[in-house]
Chemist: 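Sharing a structure, written as structure tokens. Questions coming.
The first residue of the sequence shown is numbered 1, and numbering continues consecutively from there.
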Amino acid sequence: MPIKVEMEKIVSLCRRRGFIFPSSEIYGGLSSCWDYGPLGVELKRNIRQAWWQAVVQERDDMVGLDASILMHPQTWVASGHLEGFADPLVECKSCHLRWRHDDLAGNNCPACGGELTEPHLFNLMFKTSMGPIEEEANVVYLRPETAQGIFVNFQNVLNTTRKRLPFGIAQIGKAFRNEITTGNFIFRSREFEQMEIEFFVKPETDKEWFNYWLEERLDWYVKLGIKKESLRLRQHTKRELAHYARECYDIDYLVPMGWAELEGIANRGDFDLVQHAKYSGKSLNYLDEETKEHIIPYIIEPSAGVDRSALAFLCDAYDEEPDKEEIRVLLHLHPTLAPIKVAVLPLSRREKLVAVAKKIYADLRQNWMVNYDDTQSIGRRYRRQDEIGTPFCVTIDFQSLEDKQATIRERDTMNQIRIPISELKTTLQAKLEGEALFVLPPGGKIWKGGGEE
Ligand code: ATP
């Protein structure tokens, strides 16, 4: 069974170590908005980078895009968001709290037991106005998904890149939803970040590509270290299917509150291009050079969340181990995702040691995010790095001054090797890029972790 960790432990670790803070905390916070601190920002950058590398950089059938958050309001008429992007809402006649109708078990207010109004639809898009005059004609919306920015740029990308079907456009960016029920930390917030692919295919090949992307995306989480048993694919029932979708699966992760969606993979058919062609009056056809026919591609959409991924990676990596009288908290984050890759720790603050350590620190920082720490006992410093998921610590001791060697200590096993300082960078590089841990260099020495002070 997958290990389940309580959400409070994750929230507390994130707060304590500077991964995630409540938004505008000094004013008491803003409901379901979050600020990513010094470590959180690195984790998110690494998630985005890993996604971009897998879906854009390493593929020749994909290109990237960064569309504007504010879009022409007609976009949302064409997409169906203005009409259909709404949840049924009920209000308590006594305490005036509002609830999502779908979430309620009974017919009364869960807070005070009061009588509820009939459900009415509540649009989830944030509305604002463009320019200095606030009037209906100037209304614009904060995008509730990044996808539409891709659809409206389909012809631009086609014309400028000469891509032929099948090909995809990938985008990472902020999205906003005025969610009625929020909570569960960063799982459901009102401002979040999506990583979306719109993959354009010939209509008769949609099933094949849909299955391909299901596998590909599931694999991405597993390769980055999420336990297989904490993931599942769940097919949407007919009732659940969004208005645009022919078929949809969720990649669910077993978060502390149960199975929940990390990513949705939908076969959107030709819905989006047909709608935007209709509302814009522009042709969004594709000329099939083999048959000389104009066709409207089908779209397969893998749509993931940066924040939900971050939560899943954190929950899955969280671990506690007995450590003498204490408990060692550690994050088994995949090295690709770890906010800090290496920590440089001189055994003492003696000038000569510090000088060597700082030189190594400056050198390693050219490749990775590196921490330098010379406070408190070495055991304490290792624990601090374990808790934030740093895969490797480099320790400089007095012997290093003589033999020009340093110790690398590995987070998960606490194993240590001693190697020449001149080989530190290449050794760490190999380890961070996934070489089997601790293959001994000639003349190197390995010993088992534990008993660290
Ligand atoms: P849910 O059913 O949980 O509301 P959804 O089906 O509406 O999610 P999609 O519209 O499919 O979500 O959005 C794609 C992805 O964007 C989701 O899988 C999720 O990772 C992310 N996402 C959507 N809404 C939120 C939110 N409020 N907070 C954080 N991430 C979100």
Side-chain angles (χ1 to χ4, degrees), residues 47-67 75 78-80 143 145-173 175 193-223 233 235-236 241-251 261-277 284-290 293-306 309:
I47 292 172
R48 286 193 215 103
Q49 172 56 29
W51 185 84
W52 197 265
Q53 178 164 343
V55 309
V56 182
Q57 188 182 322
E58 291 181 3
R59 301 182 65 103
D60 64 1
D61 57 0
M62 194 90 80
V63 290
L65 182 81
D66 186 13
T75 309
S79 69
R143 66 180 177 198
E145 60 178 31
T146 63
Q148 300 301 325
I150 299 181
F151 304 139
V152 301
N153 276 296
F154 171 66
Q155 278 297 352
N156 284 340
V157 172
L158 200 58
N159 296 340
T160 52
T161 62
R162 303 160 57 93
K163 286 275 173 223
R164 311 310 301 159
L165 294 186
F167 78 94
I169 305 177
Q171 173 166 231
I172 301 178
E193 215 172 337
Q194 290 185 313
M195 308 184 280
E196 294 198 299
I197 299 167
E198 305 302 333
F199 202 77
F200 301 89
V201 304
K202 290 190 180 172
E204 63 280 8
T205 63
D206 62 338
K207 282 239 166 301
E208 191 187 311
W209 279 106
F210 184 73
N211 292 337
Y212 168 85
W213 279 110
L214 282 183
E215 245 182 67
E216 194 71 12
R217 292 302 307 142
L218 199 56
D219 225 36
W220 184 79
Y221 295 98
V222 176
K223 276 192 190 136
L233 277 177
Q235 185 172 20
H236 278 209
L241 273 184
H243 59 281
Y244 52 75
R246 293 171 164 245
E247 193 174 10
C248 187
Y249 276 78
D250 287 345
I251 297 182
E261 175 186 337
L262 271 190
E263 171 162 352
I265 297 162
N267 178 351
R268 301 180 69 116
D270 60 7
F271 178 84
D272 308 281
L273 293 180
V274 166
Q275 285 295 101
H276 285 299
L284 299 178
N285 290 344
Y286 172 88
L287 175 66
D288 186 337
E289 273 148 5
E290 277 166 32
E293 272 179 61
H294 284 275
I295 58 166
I296 300 180
Y298 273 25
I299 296 175
I300 309 300
E301 176 193 69
S303 170
V306 179
S309 300

Chemist: Would you say that Leu165 contacts Ile295 through its side chain, given a criterion of any heavy-atom pair below 4.5 Å between the two side chains?
Modeler: yes
Chemist: Check whether any side-chain heavy atom of Trp213 sits under 4.5 Å from a side-chain heavy atom of Ile197, and report yes or no.
Modeler: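 Touching, per the 4.5 Å side-chain cut-off.
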Chemist: State, yes or no, whether a side-chain contact exists between Tyr249 and Arg217 at a heavy-atom distance under 4.5 Å.
Modeler: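 No, their side chains stay 4.5 Å or more apart.
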Chemist: Is it the case that the side chain of Arg143 and the backbone of Ala67 share a donor-acceptor pair, with hydrogens and angles ignored and the cut-off at 3.5 Å?
Modeler: yes
Chemist: Go through the steps for Ile296 and Leu284 under the test side chain to side chain contact (heavy atoms under 4.5 Å, CB included), then give the verdict.
Modeler: CA-CA 7 Å; Ile296 300 180; Leu284 299 178; over 6 Å; no
Chemist: Using every non-hydrogen atom in the two residues, find where Ile150 and Ala170 come nearest and quote the distance to one decimal.
Modeler: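 Minimum heavy-atom contact is CD1-C, 4.4 Å.
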Chemist: Which value, rounded to the nearest 0.5 Å, describes the distance between Ile172 atom CD1 and Leu65 atom CG?
Modeler: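 Answer for the CD1-CG pair, Ile172 versus Leu65, is 11.5 Å.
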Chemist: With rounding to the nearest 0.5 Å, note down the distance linking CZ in Arg59 to CZ in Phe199.
Modeler: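 Arg59 CZ to Phe199 CZ: 5.5 Å, rounded to 0.5 Å.
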Chemist: Any luck finding a side-chain donor-acceptor pair between Thr146 and Glu196 under 3.5 Å?
Modeler: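 The answer is yes; a qualifying pair exists.
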Chemist: A side-chain contact here means heavy atoms from C-beta on lying under 4.5 Å apart; do Lys207 and Arg246 qualify?
Modeler: no
Chemist: Step by step, would you call Asp61 with Lys163 a side chain to side chain contact (heavy atoms under 4.5 Å, CB included)?
Modeler: CA-CA 8 Å; Asp61 57 0; Lys163 286 275 173 223; 5.9 Å; no
Chemist: Do Tyr244 and Gln275 have side chains that approach each other closer than 4.5 Å (heavy atoms only, starting at C-beta)?
Modeler: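 No; the side chains remain at least 4.5 Å from each other.
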Chemist: Are side-chain N/O atoms of Tyr221 and Glu263 paired as donor and acceptor at under 3.5 Å?
Modeler: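 Yes, because at least one side-chain N or O of Tyr221 sits under 3.5 Å from a partner of the opposite role on Glu263.
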Chemist: Compare all side-chain heavy atoms of Asn153 with those of Ile169 and state whether any distance is below 4.5 angstrom.
Modeler: no
Chemist: With Phe167, which of Trp209, Tyr286, Phe200 fulfils ring pair (Phe, Tyr, Trp, His ring centres under 6.0 Å)?
Modeler: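 Passing option: Phe200.
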Chemist: Taking the side chain as C-beta and beyond, is there a heavy-atom pair between Asp219 and Glu216 under 4.5 Å?
Modeler: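 Result no, sub-4.5 Å side-chain heavy-atom pair not found.
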Chemist: Taking the side chain as C-beta and beyond, is there a heavy-atom pair between Asp66 and Gln171 under 4.5 Å?
Modeler: yes
Chemist: Do you know the tightest heavy-atom contact between Val152 and Gly149?
Modeler: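 Smallest interatomic distance, heavy atoms only, reads CG2-O, 3.6 Å.
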Chemist: Is His243 reaching over with its side chain to a backbone N or O of Ser79, donor-acceptor style, under 3.5 angstrom?
Modeler: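 Side chain of His243 to backbone of Ser79: a pair is present.
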Chemist: What pairs with Arg48 under salt bridge (charged side-chain N to carboxylate O under 4.0 Å, His left out), at least two apart in sequence or on another chain?
Modeler: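 So Arg48 forms a salt bridge (charged side-chain N to carboxylate O under 4.0 Å, His left out) with Glu193.
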Chemist: Checking side chain to side chain contact (heavy atoms under 4.5 Å, CB included) for the pair Gln148/Glu198: CA distance, chi angles, key distance, verdict?
Modeler: CA-CA 10 Å; Gln148 300 301 325; Glu198 305 302 333; over 6 Å; no
Chemist: Is it the case that atom CD in Glu215 sees more than 12 heavy atoms from other parts of the structure closer than 6.0 Å?
Modeler: no
Chemist: Nearest heavy-atom pair of Tyr298 and Asp206: which atoms, and what distance?
Modeler: CD2-OD2, 3.4 Å
Chemist: So Ile299 and Phe151, side chain to side chain contact (heavy atoms under 4.5 Å, CB included) or not? Walk me through it.
Modeler: CA-CA 10 Å; Ile299 296 175; Phe151 304 139; 3.5 Å; yes
Chemist: Which atoms form the tightest heavy-atom contact between Pro297 and Leu273, and what is the distance?
Modeler: CD-CD1, 3.7 Å
Chemist: For Glu58, I'd like to know if atom CD has over 12 heavy atoms of other residues, nucleotides or ligands within 6.0 Å.
Modeler: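 Yes, enclosed.
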Chemist: Please name the pair of heavy atoms, one in Gln194 and one in Glu145, separated by the smallest distance, quoted to 0.1 Å.
Modeler: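 Closest pair (atom of Gln194, atom of Glu145, distance): OE1-CA, 3.1 Å.
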Chemist: Looking at every heavy atom in both Leu287 and Arg164, which two are closest together, and how far apart are they?
Modeler: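 Here Leu287 and Arg164 meet closest at O-NH2, 3.1 Å.
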Chemist: Between Glu247 (side chain only) and His236 (backbone N and O only), is there a donor and an acceptor less than 3.5 Å apart?
Modeler: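 Such a contact is absent between Glu247 side chain and His236 backbone.
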Chemist: Measure the CG-CD1 distance between Leu233 and Ile265 for me, rounded to the nearest 0.5 Å.
Modeler: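 Leu233 atom CG to Ile265 atom CD1 measures 6.5 Å (nearest 0.5 Å).
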